[in-house]
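Since the structure comes first, as structure tokens, the remarks are kept for the end.
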Amino acid sequence: MTDLGRSHFCGEITENMIGENVRLKGWARTRRDLGQVIFIDLGDQSGIVQTVFNPDISEKALNIADNIRGEYVLDVTGKVVRRDEETVNEKIATGTVEVRVEEVTILNKAKPLPFPMDEEINVSEDVRLSNRFLDLRRPQMQAIFQLRHQLTQEVRTFLNEHLFMEIETPMLTKSTPEGARDYLVPSRVHEHEFFALPQSPQLFKQLFMVAGFERYYQIARCFRDEDLRADRQPEFTQIDIEASFMNTEELFAMTEKMMARLLKVSHHLDVTTPFPRMTYHEAMHRYGSDKPDTRFGMELVELSDIVAGSEFQVFKKALANNGIVKGLNAKGQGDVMSRKEIDDLADFAAIYGAKGLAWLKVDEEKTLKGPITKFLSEDEQANILNAMAGESGDLLLFAADVQEVVFDVLGALRLKFGKELNLIDEDAFHFLWVTDFPLVEYDKDSGRYVPLHHPFTRPIEEDVDKVETAPEDVTANAYDLVLNGYELGGGSRRIHEPELQMQMFRSLGFSEEEAKEKFGFLIDALSYGAPPHGGIALGFDRIVMILTGADNLREVIAFPKTASASCLLTEAPGTVSEEQWKELHLSPRKKKANP
RNA sequence: GGGCCUGUAGUGUAGCGGUGAACAUGCCUGCCUGUCACGCAGGAGAUCGCGGGUUCGAAUCCCGUCAGGCCCGCCA
């Protein structure tokens, strides 16, 4: 490929081209000025090649090279020559050759850079983000986005092969009462009415199924106005999939094949399918998480029965209040952790709602030592030691509370130890399906049931009659795909009968009118021969993040938002003119007083 | 909404109550025909995030605030 008169890319120059005249375009990466000879590493998207300027080739070019600085844009013509044996640079792909420059034109200058471009990232992130166009020019970033592009292509190729059709859905849509906060867009035409940016194309893809597009997908942008995390951006990309007449087994198998293809692209790795599966209940009890990192063990141990008759008030109270007692064996930590460090663990546990953190050490004689031994009978101690497979030097940690707190606390401690004790194989990819989620959970604040997934999720067939009578006992035909402790995404079979959908809305405390107002079009659509259908949505940014080994979504999104959801490059969001307010029939409220 | 961490030349760091705020790199000038993170010599560059307080004296201690990051809540 050539463009603008360019004959080759810098990274393509090989020994086969020795003697050829080439014309290259790119950026001056580093310049080594030895007076009568100047070396410039010229780089473009493909890589770099060393160019040489000296008076024996062209006095004129040398004089121009004298003024070239970092990241100047150059148009270079010259001959490819073999380097002398002793001047070969093994660090670069083109290190055995160089281009002797006969002609050079400076296409554009560059100011001194705000940060070095050639090194590993040791620049603060705000500086990188406010100069993102330069940050993205760094080879490391170029590689990430090259891979991201290839993965996008692979997803499309795969789904096309499986007869899926990519169809776009609106970005300007309607606010829905459930779920995350919407990003709202005021309407100029409709006074005091708002569009919402989609949290996901959920309803539209179901309507595609009704429409008879039996297999839909979209690399879809989604928006949620909630607080950010390292793995959460307000604007993100999903691989959104929906299929009619396909059962959950078929969808699992297909999704597994697709993920395997992505691993093949990124790591030339053959992942084992089918992926392991675990129920939500099992995941919570064994790992204290609905997205367990199964790259390491250190599972939670159920102790409620063992300590059922215990005189230890903390255990006794928790069990009396319908809570549970579970333990976590921090292998070998009894020997190394000081009293202070164990107290710090209790502070850590408090973040997740623990009122305290009981602990015991296993000493050389395999007996338990610690402040709570006096409350535990010999039998209880023996049973605990046995259940937790305690060995000399171990630190046994206990959480006793309602089960949600116990899961959160021990789940968090497990991850903390997993990381700090290097129990995690960073090169491993552990996929896991988590299945059998509850359909709803009771929300104390609003005093009603809220869907765990979304209100269109279908119960498993044997629970269908219980949707209205005992919603809290219903298991959903819903599933999450987990990779290395990250929730890649989830999906479900959907309700395709209007009556069942109305039952569901009623269970969630919607009046007939509310349901009709918010979701009338869905009920209506389901009434016209909606096929059984289901689907899944996978967080594409997270996939890219994990496959590139990044620990942060910002690394794999070209122009990401900061933790406070602003863009340091454009300084969005920003204020708008009075005129714009007026056109939208809006007026600003007074800001909170700022003393 | 809450907790914790970090803000010092363009960049990365040191200094943590008392000398002219130090080092590296980048930048500028000069020298250098085989470098490759070239080298050598010289030079410029800092309202120590911002505001207040404590103190004879604050980059350093305290309070507030802003920005960035991580987490809890939140995220159907």
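Every chain is numbered from 1, with letters handed out A, B, ... down the list of sequences.
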If you look at every strand shown and take non-hydrogen atoms under 4.0 Å, does [X] touch a base, only sugar-phosphate, or nothing?
{"X": "A/I92", "result": "nothing"}
{"X": "A/Y352", "result": "sugar-phosphate"}
{"X": "A/T94", "result": "nothing"}
{"X": "A/R83", "result": "base"}
{"X": "A/L228", "result": "nothing"}
{"X": "A/E98", "result": "base"}

Q. Closer than 4.0 Å, any side-chain N/O of A/S564 to the OP1 or OP2 of B/G68?
A. yes
[M] and [N], which share atom name [atom1], separated by this distance in whole Å:
{"N": "B/U8", "M": "B/A22", "atom1": "C1'", "answer": "11 Å"}
{"N": "B/U19", "M": "B/A58", "atom1": "P", "answer": "12 Å"}
{"N": "B/G57", "M": "B/U13", "atom1": "P", "answer": "33 Å"}
{"N": "B/U11", "M": "B/G17", "atom1": "P", "answer": "27 Å"}
{"N": "B/C66", "M": "B/C56", "atom1": "P", "answer": "32 Å"}
{"N": "B/U33", "M": "B/C28", "atom1": "C1'", "answer": "24 Å"}
{"N": "B/A67", "M": "B/U25", "atom1": "C1'", "answer": "25 Å"}
{"N": "B/G69", "M": "B/G49", "atom1": "C1'", "answer": "16 Å"}

Classify the angle between the aromatic ring planes of [X] and [Y] as parallel (below 30°), tilted (30 to 60°) or perpendicular (above 60°).
{"X": "A/Y442", "Y": "A/Y449", "value": "perpendicular"}
{"X": "A/F223", "Y": "A/Y183", "value": "perpendicular"}
{"X": "A/F437", "Y": "A/Y280", "value": "tilted"}
{"X": "A/F456", "Y": "A/F505", "value": "perpendicular"}

Q. Has the side chain of A/R31 got a donor or acceptor atom that lies under 3.5 Å from a matching backbone atom of A/D66?
A. yes
Q. More than 12 foreign heavy atoms under 6.0 Å from CD of A/E497: is that the case here?
A. yes
Q) Counting only heavy atoms not in A/K466, do more than 12 sit closer than 6.0 Å to its NZ atom? A)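 More than 12 heavy atoms, drawn from other residues, nucleotides or ligands, come within 6.0 Å of this atom.
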Q.
Taking salt bridge (charged side-chain N to carboxylate O under 4.0 Å, His left out) as the definition, give me every residue that meets it alongside A/R506, ordered by chain and number, with sequence neighbours left out.
A.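 Salt bridge (charged side-chain N to carboxylate O under 4.0 Å, His left out) list for A/R506, sorted by chain: A/E468, A/E512.
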Q: Could you list the residues that satisfy side-chain hydrogen bond (donor to acceptor under 3.5 Å, both in side chains) with A/T176, not counting sequence neighbours?
A: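 A/T176 satisfies side-chain hydrogen bond (donor to acceptor under 3.5 Å, both in side chains) with no residue once adjacent residues are dropped.
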To the nearest Å, how far apart are [X] [atom1] and [N] [atom2]?
{"X": "A/I38", "N": "B/G34", "atom1": "CD1", "atom2": "C1'", "value": "13 Å"}
{"X": "A/D344", "N": "B/G3", "atom1": "CG", "atom2": "P", "value": "19 Å"}
{"X": "A/D290", "N": "B/C75", "atom1": "CG", "atom2": "P", "value": "13 Å"}
{"X": "A/Q233", "N": "B/G68", "atom1": "CD", "atom2": "C1'", "value": "14 Å"}
{"X": "A/D84", "N": "B/C36", "atom1": "CG", "atom2": "P", "value": "15 Å"}
{"X": "A/N67", "N": "B/G30", "atom1": "CG", "atom2": "C1'", "value": "15 Å"}
{"X": "A/D408", "N": "B/C72", "atom1": "CG", "atom2": "C1'", "value": "10 Å"}
{"X": "A/E90", "N": "B/U35", "atom1": "CD", "atom2": "C1'", "value": "16 Å"}

Taking a pair as Watson-Crick or G-U wobble with both distances under 3.5 Å, which nucleotide is matched to [N]?
{"N": "B/A67", "result": "B/U6"}
{"N": "B/U54", "result": "none"}
{"N": "B/G73", "result": "none"}

Between the side chains of [X] and [Y], does any donor sit under 3.5 Å from an acceptor?
{"X": "A/S492", "Y": "A/N477", "answer": "no"}
{"X": "A/E103", "Y": "A/S58", "answer": "no"}
{"X": "A/Y486", "Y": "A/D293", "answer": "no"}
{"X": "A/D182", "Y": "A/Q199", "answer": "yes"}

Under-3.5 Å N/O pairs linking protein and nucleotides 46-48 of chain B:
none

Please write out each protein N/O paired with an N/O of nucleotides 38-42 of chain B under 3.5 Å, distance rounded to 0.1 Å.
from, atom 1, to, atom 2, distance (Å)
B/C38, OP2, A/R32, NH1, 2.9
B/C38, N4, A/D33, O, 2.3

Any donor-acceptor N/O pair under 3.5 Å between [N] base and [X] side chain:
{"X": "A/R232", "N": "B/C75", "result": "yes"}
{"X": "A/R229", "N": "B/G73", "result": "yes"}
{"X": "A/D227", "N": "B/G73", "result": "yes"}
{"X": "A/E226", "N": "B/G73", "result": "no"}

Q) Mapping A/G70 and A/V37 to their closest nucleotides on RNA chain B, which lands nearer the 5' end? A) A/G70
Q. Between A/E178 and A/K518, is a salt bridge (charged side-chain N to carboxylate O under 4.0 Å, His left out) present by the stated rule, with each step listed?
A. CA-CA 10 Å; A/E178 300 287 327; A/K518 295 295 180 187; over 6 Å; no
Candidates [options] - which lies nearest the side chain of [X]:
{"X": "A/A180", "options": "B/C75, B/A37, B/U35", "value": "B/C75"}
{"X": "A/R100", "options": "B/C74, B/C70, B/G34", "value": "B/G34"}
{"X": "A/R554", "options": "B/C70, B/G68, B/C28", "value": "B/C70"}
{"X": "A/T562", "options": "B/C36, B/G68, B/G34", "value": "B/G68"}

Q) Do any of residues 45-57 of chain A sit with a heavy atom less than 4.0 Å from RNA chain B, and if so which? A)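 Those residues whose heavy atoms fall under 4.0 Å from RNA chain B, taken from residues 45-57 of chain A in numerical order, are A/Q50, A/P55, A/D56.
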Q. Looking only at heavy atoms, what is the nearest atom pair of A/V52 and A/I57, with distance?
A. O-CD1, 3.8 Å
Q: List the atom of A/A399, the atom of A/V406, and the distance in Å for their closest heavy-atom pair.
A: O-CG2, 3.8 Å
Q. Does the cation-pi check pass for A/R414 over A/F296, that is, NZ or CZ under 6.0 Å from the six-membered ring centre and within 45° of its axis?
A. yes
Dump the pairs, protein N or O against N or O of nucleotides 5-15 of chain B, anything under 3.5 Å, distances to one decimal.
from, atom 1, to, atom 2, distance (Å)
B/G10, O2', A/P114, O, 2.9
B/U11, O4', A/P114, O, 3.1
B/G12, OP1, A/S124, N, 2.6
B/G12, OP1, A/S124, OG, 3.0

Q: Run through A/R82, A/K79, A/Q50 and flag the one making a side-chain hydrogen bond (donor to acceptor under 3.5 Å, both in side chains) with A/E98.
A: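 Output: one option passes, namely A/Q50.
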